[in-house]
Enquirer: 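Handing you this structure, nothing more for now.
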2 protein chains.
Amino acid sequence: MAKITIKDVAREAGVSISTVSNALNDVDVLSPETKAHILKVAQRLNYVPNLNGKLLKSGTTKMLGFFTTSVSGPYFYKLVESMSRQCDRLGYGLNVFVTKDKQVIMSNILGRRVDGVIIYEELGIDEQDIAAMKKDKIKAVFLDRVLEDEGMGSIIFDSYESGYEATKYLISLGHKRIAYISGVDTMFDSVQRKEGYLAALREYQLPVEEEFILQGYFEEDSTYNAVKSYLRLHPARVPDAFLAGNDISAMGCIQALKSYGYEVPQDVSVMGFDDIDIAPYYSPPLTTVRNQIARQGMLAIDHLVRMIQDKEQGAAQKLQGELVVRGSSHVKLERKDRR
Amino acid sequence: MAKITIKDVAREAGVSISTVSNALNDVDVLSPETKAHILKVAQRLNYVPNLNGKLLKSGTTKMLGFFTTSVSGPYFYKLVESMSRQCDRLGYGLNVFVTKDKQVIMSNILGRRVDGVIIYEELGIDEQDIAAMKKDKIKAVFLDRVLEDEGMGSIIFDSYESGYEATKYLISLGHKRIAYISGVDTMFDSVQRKEGYLAALREYQLPVEEEFILQGYFEEDSTYNAVKSYLRLHPARVPDAFLAGNDISAMGCIQALKSYGYEVPQDVSVMGFDDIDIAPYYSPPLTTVRNQIARQGMLAIDHLVRMIQDKEQGAAQKLQGELVVRGSSHVKLERKDRR
DNA sequence: CTTTTTGATAAAAACGTTTTTATTGACTCT
DNA sequence: AGAGTCAATAAAAACGTTTTTATCAAAAAG
């Protein structure tokens, strides 16, 4: 029992192929009886159009592709969740391609499996690939990089601004000696957050001190060790506050402080970035800066669809972070001595 | 500048279409020079085959589809992560379709966008749809239901066994009066866990008491209220241990116990199911039963690919849970009086 | 020296659609 | 009454591939 095609329906209904196609696609040229008859036959045979044939001919799929190297972690599922909701709303399907093989990515994009693409992937797609996509008039929105390159869209978080705002918040609590725990220096977001931190210090004319910039690599353990070794070496110069490159790092920092007998936030304020799921449950609950992930997903789909409909040119957008104040930060108090 | 097709490559290289196709697909009938020449031309023109044309003709896509109504939460991303890794390993691509529209799901499945499908969706696909898929020889693996129906695969967690093992563990700690906090009685997993719990009680000849079965609806608040009202009504008959339908519920239970001055685990043991991300960070860290999500994903892909290659018939598999002992459970102690 | 075989390439058919164009027969004009 | 419109349907072309079949010259076989 082979797959039922439009041909089978035509034969069974005693009409031509084109008539069946018209009936199925609701083109209004057929007599109501013929149409009804054909639909009934199609139903009876359980006919389902072959999407590849359909797509090959019509060139449009009503499908958007999301290309990513990973879906691990809350960032991705929040993103996918919001994108798929918005797709539903706009009458598109969402198709997530998880692969690390650039070849696969490019051939799916250029091979027209989807009407437009959202791209998030750390490695791989370079200027040349983007040029190829532009040449083919592929509509794309990037989530992980700024594109000066016109024609393509991008929606990224303003990490610089987040770093800046976080630092300003700590300053507003009365803290003057604010340390920064750096993430990975090759990552764009990481660097931007630090830049924002430095800018805020400069703006408030607080000294930028070399030893106040620690290296935590976005990991709990590394940060724990880095902070501990700082406290060992400079017991007399403990910062008022630590701004960690992300929440994981903030957690390591808090552990290290606790192990040296400092109370957070009474003795030292600590904050991170990302507002990961466990942040509100941590002890103390973490003050952090949250990225509006759902908004990013929603805007990406919106923008892409408008690009596809030629209502909008690709453009770059930046999203502001959202300060979330919880228990790990506190106005500056006179610190009790180290136990 | 329209899309480059195989025709353009043929014209440019001065050969026929079929020759180009042979060159590109490495069919070994061409002279090395011709082949090299064609490949060079294709490269120069940035030719990328149209996947729809290709697929339409050859009928195979080397793509697997994962159909789901949601990707929210850790379960899904762990699942997708493991599936995509296994796909990579086996030379397939993974394609996640997120939609609540059954129509979309069915037309993508039957419309041959993918070589095989993994299905997880709570509502929608019924016996009739499955019959249609079988008729079309679609290869499918279900993750959310047992399929007695031969021909299709399914890989589910053995929730009955998990409930049984969890209860046995609590009994092994010396607990005799074990309460169960039920989830949602329409959900398969929820019911199965409770059945396992009851079976263990029966096996050890412990009395099954009506009041010991509370209703928590898998929510923190509902459970909190349910447990609290139990403690208010039966202050003299506090269980030795609570087995909550999931970790969220366990958290609510612990809060309620604390509010009545009971210490967990010294006074009462509490455990849940799922091992959610915050379980190890909770206070106390939760004892729970973990489902092997990554294993489920891996097995699903494996099974599906073997079905596609006709090496295996669809079959049902069950995965055992994994007991994770943390701080919320303890051997039975003589309980101090209520404060 | 003709007939076969072989090797390399080209032509044509096929996949399942949609879309464009053609073909009817019935109706409406003047 | 003949030409022109119209409604309904059919036929054919097209989408971009792969695959099957055909072509044709050169080499091998007799």
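Letters A, B, ... are given to chains in the order of the sequence lines, protein chains preceding strands, and every chain is numbered from 1. None of these values were measured; they are calculated from a predicted model.
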Enquirer: Checking B:S18 against B:S21: is there a side-chain donor and acceptor pair closer than 3.5 Å?
Expert: no
Enquirer: Just how far, in rounded Å, is C1' of D:dA10 from CZ of A:R11?
Expert: 17 Å
Enquirer: In whole Å, what is the span from the CD1 atom of B:I6 to the P atom of D:dA14?
Expert: 18 Å
Enquirer: Residues two or more places apart in sequence or in another chain: which of them pass ring-ring contact (aromatic ring centres under 6.0 Å, His included) with A:Y47?
Expert: none
Enquirer: If you apply the rule side chain to side chain contact (heavy atoms under 4.5 Å, CB included), what do you find for A:M63 with B:R113, and how did you get there?
Expert: CA-CA 12 Å; A:M63 274 276 167; B:R113 287 281 284 244; 3.9 Å; yes
Enquirer: Round to a whole Å and report the spacing from CZ of A:R113 to P of D:dG16.
Expert: 16 Å
Enquirer: Under 4.0 Å, counting only non-hydrogen atoms across every strand here, what does B:T5 touch: a base, just sugar-phosphate, or nothing?
Expert: sugar-phosphate
Enquirer: Kindly compute the distance separating CG (B:N108) from CG (B:N95), expressed to the nearest 0.5 Å.
Expert: 8.5 Å
Enquirer: In whole angstroms, how far is the P atom of C:dT17 from the CG atom of A:D8?
Expert: 9 Å
Enquirer: Can you tabulate the close N/O pairs, meaning under 3.5 Å, that link protein atoms to atoms of nucleotides 23-25 of chain C?
Expert:
none

Enquirer: Is it true that A:R295 and A:D302 have a side-chain N and a carboxylate O under 4.0 angstrom from each other?
Expert: no
Enquirer: Taking only residues two or more places apart in sequence or in another chain, which ones pass side-chain hydrogen bond (donor to acceptor under 3.5 Å, both in side chains) with A:N46?
Expert: none
Enquirer: What are the residues of residues 43-53 of chain A, sorted by number, that bring a heavy atom to within less than 4.0 Å of DNA chain D?
Expert: none
Enquirer: With a 4.0 Å cut-off on N to O distance, would you call B:R11 and B:D8 a salt bridge?
Expert: yes
Enquirer: Mind telling me whether A:Y75 and A:Y120 have parallel, tilted or perpendicular rings, with 30° and 60° as the class edges?
Expert: tilted
Enquirer: Can you give me the N/O atom pairs linking the protein to nucleotides 4-11 of chain C at distances under 3.5 Å, or say none if there are none?
Expert:
from   : atom 1 : to    : atom 2 : distance (Å)
C:dT9  : OP1    : B:T34 : OG1    : 2.7
C:dT9  : OP2    : B:S31 : N      : 3.0
C:dT9  : OP2    : B:S31 : OG     : 3.2
C:dT9  : OP2    : B:T34 : OG1    : 3.1
C:dA10 : OP2    : B:S16 : N      : 2.8
C:dA10 : OP2    : B:S16 : OG     : 3.4
C:dA10 : OP2    : B:T19 : OG1    : 2.9
C:dA10 : N7     : B:S18 : OG     : 3.4
C:dA11 : N7     : B:S18 : OG     : 3.2
C:dA11 : N6     : B:S18 : OG     : 3.0

Enquirer: Quick check for you: to the nearest 0.5 Å, what is the distance between A:I155 atom CD1 and A:M298 atom CE?
Expert: 9.5 Å
Enquirer: Would you jot down, in residue-number order, the residues of residues 54-63 of chain B having a non-hydrogen atom under 4.0 Å from DNA chain C?
Expert: B:L56, B:K57
Enquirer: Write down the distance between CG (A:L24) and C1' (C:dT19), rounded to a whole number of angstrom.
Expert: 15 Å
Enquirer: Let me test you: for the helix from C:dC1-D:dG30 to C:dT30-D:dA1, what is the angle between the axes at its two ends (five pairs each), rounded to 10 degrees?
Expert: 60°
Enquirer: What do the steps show when you test B:V15 against B:V20 for side chain to side chain contact (heavy atoms under 4.5 Å, CB included), and what is the final call?
Expert: CA-CA 7 Å; B:V15 297; B:V20 175; 3.7 Å; yes
Enquirer: Quick one: list whatever passes salt bridge (Lys or Arg N to Asp or Glu O under 4.0 Å) with A:K35, sequence neighbours left out.
Expert: A:D26
Enquirer: Partners of B:N50 by side-chain hydrogen bond (donor to acceptor under 3.5 Å, both in side chains), sequence neighbours excluded?
Expert: none
Enquirer: Does this structure show an ion pair linking B:D310 with B:K139, if we count only N-O contacts that are shorter than 4.0 Å?
Expert: yes
Enquirer: Output a table of donor-acceptor pairs, distance under 3.5 Å, between side-chain atoms of residues 27-34 of chain B and any protein atom two or more places apart or on a different chain; print 'none' if there are none.
Expert:
from  : atom 1 : to    : atom 2 : distance (Å)
B:S31 : OG     : B:T34 : N      : 3.3
B:S31 : OG     : B:T34 : OG1    : 2.4

Enquirer: Which pairs would a plain distance check flag for residues 311-318 of chain B, meaning a side-chain donor or acceptor within less than 3.5 Å of a matching protein atom at least two apart in sequence or in another chain?
Expert:
from   : atom 1 : to     : atom 2 : distance (Å)
B:K311 : NZ     : B:Q309 : OE1    : 3.2
B:E312 : OE1    : B:H303 : ND1    : 2.7
B:E312 : OE2    : B:R306 : NE     : 2.5

Enquirer: How would you list, by chain and number, every residue that makes a ring-ring contact (aromatic ring centres under 6.0 Å, His included) with A:F67, sequence neighbours excluded?
Expert: A:F97
